[in-house]
Amino acid sequence: MVQPLAFSLNRAQPEALVDQIVREVERALQRRTLHAGVRMPSIRSLAKAHGISTFTVVEAYDRLVARGTLVARRGAGFFVAGAADAHESAVPGRSGALATSGAASEVTNAWLLSEIFADDSIAVKSGCGWLPDSWLDEDGLHGALRSLSKGPGAHFAHYGHPHGYGPLRQWLTRRLGELSIDAAPEQIVLTHGATQALDLVVRTLLKPGDTVLVEAPAYCNLLAVLRLAGLNVVGIERTEAGLDLAALEQAAQTHRPRAFFINPALQNPLGTSLTPALAHRILQCAEQHGFWLVEDDIYRELAPAGTPSLAAMDGLSRVIYVSSFSKTISPSVRVGYLACSRDLAHEIARSKMVAGLTSSEINERIVHAILTEGRHRKHIERLSDRLTRSRARLITQLQTHGVTLLAQPEGGMFVCGSLPETAPPARELAEAALLESIMLAPGEFFLPHGDPCRWFRFNVAYSDDARLFRFLDRAAAGKLAGATAVTAMTAATAVRDHSASGAV
């Protein structure tokens with residue numbers, strides 16, 4: 001039952017309306033006209049009752065949540081806190097981002113890129129894009145930290161080189177040479193992960209209004225970076241059979257793109273790789289029409305031997321090569337890199353300094369210590385084997401539960417699959433799943449213009465959970481109609497309230 005609030009607001013007072021609302025709610029608690037556990041009026045209804053902006057109510061409720069007076073329950077609204085709620089909100093690791101946002105969190109690309117990282121309460125993170133801590137090189141991290149902690153403090157007390165830590169760039173020169181990519185240390189720029197590398201390419205080479213090509217589907221973080229830069233994004237279909245070369249040629253002629261961002265090895269989200277012949281044709285098209293190729297290659301260490309590389313075939317003339325250690329060592333170290341021609345590397349290093357000065361030399365030293373300690377290749381082998389077993393098991397489970405694969409992945413972390421036509425659209429299902437503490441990644445997150453679809457990307461390391469498959473069974477059988485209808489109404493309210501608060 002919603003608890004009515006009998007109070008008036010005085011716009012003539014110097015006290016802000018937000019402060020008046022907070023004061024009146026806490027005064028009602030003291031007078032015991034409000035009691036623990038009762039539901040508060042919705043943001044919109046309270047704003048309408050007092051003739052005020054929803055912005056004002058959002059700020060007041062958020063402040064009351066932060067003070068422990070109210071609690072926000074996803075999908076239900078705001079409630080007066082009781083003793084148990086007050087204790088729970090003080091537990092370290094609880095999600096502040098979701099707890100203070102209002103009603104249900106709407107499943108959006110922005111949510112996947114931000115709040116999901118802060119929310120420890122989701123039980124099944126099948127749609128996430130990272131590996132569990134226990135799958136990563138934790139032993140290598142601990143060993144590197146111990147080793148570096150014994151070194152002289154002066155090594156850590158200064159800004160690093162604009163291009164990044166020299167010994168790590170020298171190591172990368174040797175490693176890229178093994179991949180037939182000829183890159184001197186001065187052609188390599190270390191970054192805060194692959195996403196910053198992509199952002200620096202955009203900042204250096206492109207301007208708002210330029211047209212760029214991406215795969216469809218493509219890496220969702222990349223799409224967000226391109227939108228933020230004000231670029232015109234054109235998708236080129238990629239399927240299990242490969243990239244649509246006819247569409248690429250037509251787009252190149254029609255749109256005269258400045259760059260094509262492509263993920264040749266174990267593409268995210270499909271998990272497939274280009275053939276040598278297809279890679280050669282893409283390079284020919286780029287040369288003919290004069291656009292850059294930005295090769296996002298962060299899954300190379302997990303790909304089968306012999307998987308083609310555009311940079312190896314091109315010699316870093318028209319290709320900019322991007323990678324990182326987030327999938328093989330740890331995302332926490334935030335170390336990525338790019339390799340390109342010397343002149344362009346210097347330009348990108350300048351962009352890096354303008355945007356955020358040097359990258360973290362401490363983190364780069366940690367990565368270098370892990371790579372040179374001697375056990376990293378064994379870790380990669382173990383990780384690849386574990387992914388292979390988990391991927392095979394997940395594919396069998398998904399097919400058993402009515403999911404049709406979009407492509408047969410050749411390796412890596414992801415499997416994409418769609419539910420039958422009897423199931424609701426993927427976005428609706430993801431919203432219903434979130435109410436059951438299951439995080440799914442709808443396919444539209446990976447499409448340039450967010451077109452509705454019926455498929456999901458599943459993370460093989462987080463999807464072996466009976467709760468996920470029970471949900472998929474109900475979805476495939478069309479037994480979530482009531483839940484999705486409720487979710488749709490809740491999400492619509494969330495969109496309005498979050499838009500008013502600037503949270504979407």
How long is the straight-line distance from NZ of Lys327 back to CH2 of Trp130, given to the nearest 0.5 Å? 9.0 Å
Give the C-alpha distance, both sets of side-chain angles, the deciding distance and a yes or no for side chain to side chain donor-acceptor pair (under 3.5 Å) between Thr404 and Ser418. CA-CA 5 Å; Thr404 302; Ser418 59; 4.8 Å; no
Classify the side-chain pair Gln397/Asp464 by whether it contains a donor and acceptor separated by less than 3.5 Å. yes
Are a donor atom and an acceptor atom from the side chains of Ser309 and Glu295 found within less than 3.5 Å of each other? yes
Interatomic distance, Glu240 atom CD to Gln408 atom CD [nearest 0.5 angstrom]: 6.5 Å
Smallest heavy-atom separation, Ile188 atom then Ala339 atom, equals CG1-CB, 4.2 Å
Would you say His255's side chain and Val234's backbone share a donor-acceptor pair under 3.5 angstrom? no
Would Ser341 and Gln187 satisfy side chain to side chain donor-acceptor pair (under 3.5 Å), going step by step from the backbone distance to the final call? CA-CA 6 Å; Ser341 68; Gln187 292 178 257; over 6 Å; no
Evaluate side-chain contact (heavy atoms from CB on, under 4.5 Å) for Arg350 paired with His346, printing each intermediate quantity in order. CA-CA 6 Å; Arg350 284 195 290 269; His346 288 305; 4.3 Å; yes
Heavy-atom check, side chain of Ile329 versus side chain of Leu371, under 4.5 Å: yes
Determine, for Glu381 against Arg375, whether the closest basic-nitrogen to carboxylate-oxygen distance falls under 4.0 angstrom. no
Go through it in stages, so that I can follow the logic: the residues are Cys416 and Phe456, the test is side-chain contact (heavy atoms from CB on, under 4.5 Å), and I'd like the CA-CA distance, side-chain angles, deciding distance and then a yes or no. CA-CA 6 Å; Cys416 291; Phe456 298 92; over 6 Å; no
Can you tell me if CZ on Arg281 sees more than 12 non-hydrogen neighbours from other groups inside 6.0 Å? no
Backbone N/O of Ile438 and side chain of Arg467: donor-acceptor pair under 3.5 Å: no
Exam field: side chain Thr307 to backbone Pro304, donor-acceptor pair closer than 3.5 Å: yes
Hey, does the side chain of His379 reach the backbone of Thr328 with a donor-acceptor pair shorter than 3.5 angstrom? yes
Taking the basic N atoms (NZ, or NE/NH1/NH2) and the acidic carboxylate oxygens, is any pair closer than 4.0 Å for Glu301 and Arg175? yes
For Trp292 and Val201, run side-chain contact (heavy atoms from CB on, under 4.5 Å): C-alpha distance rounded to whole Å, both residues' side-chain angles, the deciding distance at 0.1 Å, then the answer. CA-CA 10 Å; Trp292 292 96; Val201 170; over 6 Å; no
When you measure from the side chain of Ser126 to the backbone of Phe458, do you find a donor-acceptor pair of N or O atoms at a distance under 3.5 Å? no
Less than 4.5 Å apart, any side-chain heavy atom of Ile366 and any of Leu148? yes
Hey, is Arg377 close enough to Glu178 for a salt bridge, meaning N to O under 4.0 Å? yes
Rounded to the nearest 0.5 angstrom, the CG-CZ distance for Leu278 and Arg238 is 7.5 Å
Expected output: side-chain Thr422 to main-chain Ala476 donor-acceptor under 3.5 Å: yes
Can you check whether Trp135 reaches Leu383 side chain to side chain, under 4.5 Å on heavy atoms? yes
Which atom names give the shortest non-hydrogen contact between Ala303 and Ala265, and what distance separates them? CB-CB, 4.2 Å
Which residue is it: Thr204, Leu198, Leu293, Leu205? I am looking for the one with a side chain to side chain contact (heavy atoms under 4.5 Å, CB included) to Ile320. Leu205
Test item: Phe261 and Val212 side chains (from C-beta on) under 4.5 Å apart, heavy atoms: yes
One should read off an interatomic distance between Met313 CE and Ile181 CD1, to the nearest 0.5 angstrom, of 11.5 Å
How close do Leu429 and Ala475 get, heavy atom to heavy atom, and via which atoms? CD2-CB, 3.7 Å
Answer yes or no: is there a donor N or O on one side and an acceptor on the other, between the side chain of Asp244 and the main chain of Glu237, under 3.5 Å? no
Within the 4.5 Å heavy-atom criterion, are Tyr165 and Thr358 side-chain neighbours or not? no
Minimal heavy-atom distance between Val460 and Ser390, with the atoms involved, is O-CB, 3.8 Å
Val403 vs Leu419 side-chain heavy atoms within contact, under 4.5 Å: yes
Are any non-hydrogen side-chain atoms of Arg146 and His142 less than 4.5 angstrom apart? yes
Once you measure the plane-to-plane angle for Trp455 and Phe446, does it fall in the parallel (<30°), tilted (30-60°) or perpendicular (>60°) bin? parallel
Gly143 backbone acceptor or donor facing Ser147 side chain under 3.5 Å: no
Counting neighbours of CZ on Arg203 that are heavy atoms of other residues, nucleotides or ligands and sit closer than 6.0 Å, is the number greater than 12? no
Quick one: are Leu270 and Pro409 in side-chain contact, heavy atoms under 4.5 Å? no
Applying side-chain contact (heavy atoms from CB on, under 4.5 Å) to Ile236 and Leu245, what does each step give before you reach the verdict? CA-CA 8 Å; Ile236 308 299; Leu245 286 172; over 6 Å; no
What are the two closest non-hydrogen atoms of Ile370 and Gly140, and how far apart are they? CG1-O, 3.3 Å
If we ignore hydrogens and angles and just use 3.5 Å, is the side chain of Asp210 paired with the main-chain N or O of Lys207 as donor and acceptor? yes
Carefully, step by step, assess Asn268 and Arg457 under the rule side chain to side chain donor-acceptor pair (under 3.5 Å). CA-CA 9 Å; Asn268 181 3; Arg457 185 194 72 179; 3.0 Å; yes
Donor + acceptor pair across side chains of Lys352, Ser359 (<3.5 Å): yes
Assign the ring pair Phe291 / Phe260 to parallel, tilted or perpendicular, where the plane angle (0 to 90°) is split at 30° and 60°. perpendicular
Taking Ser326's backbone N and O only, do any of them form a donor-acceptor pair with Ser330's side chain (distance below 3.5 Å, no angle check)? no
Check Arg318 with Glu287, please: is the shortest side-chain N to carboxylate O separation under 4.0 Å? yes
Working to the nearest 0.5 Å, report the span between CG of Asp139 and CG of Asp137. 7.0 Å
Going from CG on Leu136 to OG on Ser332, what distance comes out if it is rounded to the nearest 0.5 angstrom? 8.0 Å
Are more than 12 heavy atoms, taken from residues, nucleotides or ligands other than Asn232, located less than 6.0 Å from that residue's CG atom? yes
Stepwise, does the side chain to side chain donor-acceptor pair (under 3.5 Å) test hold for Tyr219 with Thr195? CA-CA 10 Å; Tyr219 174 45; Thr195 300; 3.3 Å; yes
Looking only at non-hydrogen atoms, find the nearest pair between Pro308 and Ala279 and report the distance. CB-CB, 4.4 Å
salt_bridge(Asp297, Arg300) N-O dist < 4.0 Å: yes
Apply the side chain to side chain donor-acceptor pair (under 3.5 Å) test between His289 and each candidate in Arg256, Gln253, Glu249; give the one that qualifies. Glu249
